[in-house]
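What follows is one structure encoded as structure tokens, with my remarks underneath.
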Amino acid sequence: MADARIAEAVKAALAGVEIPGGGGLAGYAGLSEIIVTTGAVAFAISVAPGMEAAFGPARAAAQQAAERVAEGRKIMVSLTSDKATAPQAQPHRPG
């Protein structure tokens with residue numbers, strides 16, 4: 001299956017993309033599944049809140065690495081972060 005072959009090629013290419021703190025993007029826990037269609041390859045990189053700027057260069061490098069092996073498909077790389085919401089303080093109710 002061509003899609004699986006391309007997904008594996010993209011993941012292998014991402015191993016050469018260095019992320020903040022060291023290591024390759026392919027082994028990073030925040031890397032989503034790599035989705036391959038007839039016209040596109042898409043994946044997301046999830047980072048901790050406040051780390052978006054630090055991962056910007058890795059995202060750009062991931063885009064370039066994927067383009068080299070995607071056989072002409074459009075590459076879509078999202079950089080996401082879950083904005084942690086502070087727990088809502090509950091008013092004290094005397095009981």
Side-chain angles (χ1 to χ4, degrees):
M1 180 181 213
D3 291 358
R5 179 180 52 78
I6 290 173
E8 285 302 314
V10 169
K11 187 150 188 177
L14 296 180
V17 174
E18 189 172 329
I19 59 171
L25 182 56
Y28 176 62
L31 178 65
S32 75
E33 176 184 359
I34 298 167
I35 299 170
V36 180
T37 66
T38 56
V41 173
F43 56 93
I45 305 165
S46 180
V47 302
M51 291 297 293
E52 299 88 353
F55 270 82
R59 185 211 157 286
Q63 173 104 20
Q64 293 172 347
E67 285 171 353
R68 287 194 291 272
V69 297
E71 299 179 3
R73 288 167 173 81
K74 179 179 178 181
I75 307 299
M76 295 175 283
V77 183
S78 301
L79 188 60
T80 64
S81 112
D82 290 329
K83 301 287 185 211
T85 55
Q88 296 294 320
Q90 296 298 317
H92 178 68
R93 293 190 180 106

Enumerate, atom names and distances included, each donor-acceptor pair closer than 3.5 Å involving a side-chain atom of residues 8-20, sequence neighbours excluded.
none

Please tabulate, for the side chains in residues 35-45, all donor-acceptor contacts under 3.5 angstrom to protein atoms that are two or more places apart in sequence or on a different chain.
from, atom 1, to, atom 2, distance (Å)
Thr37, OG1, Gly39, N, 3.4
Thr37, OG1, Ala40, N, 3.1
Thr37, OG1, Ala40, O, 3.3

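Here the side chain of Tyr28 pairs a donor or acceptor atom with the backbone of Ser46 at under 3.5 angstrom. Within the 3.5 Å criterion, the main-chain N or O of Gly50 finds a donor-acceptor partner in the side chain of Glu52.
Here the CD-CE distance, from Gln63 to Met76, works out to 9.5 Å after rounding to the nearest 0.5 Å. Considering CZ of Arg59 and CD of Gln64, their distance stands at 10.0 Å, rounded to 0.5 Å.
Shortest non-hydrogen contact noted between Ile6 and Ala70 is CG2-CA, 4.2 Å.
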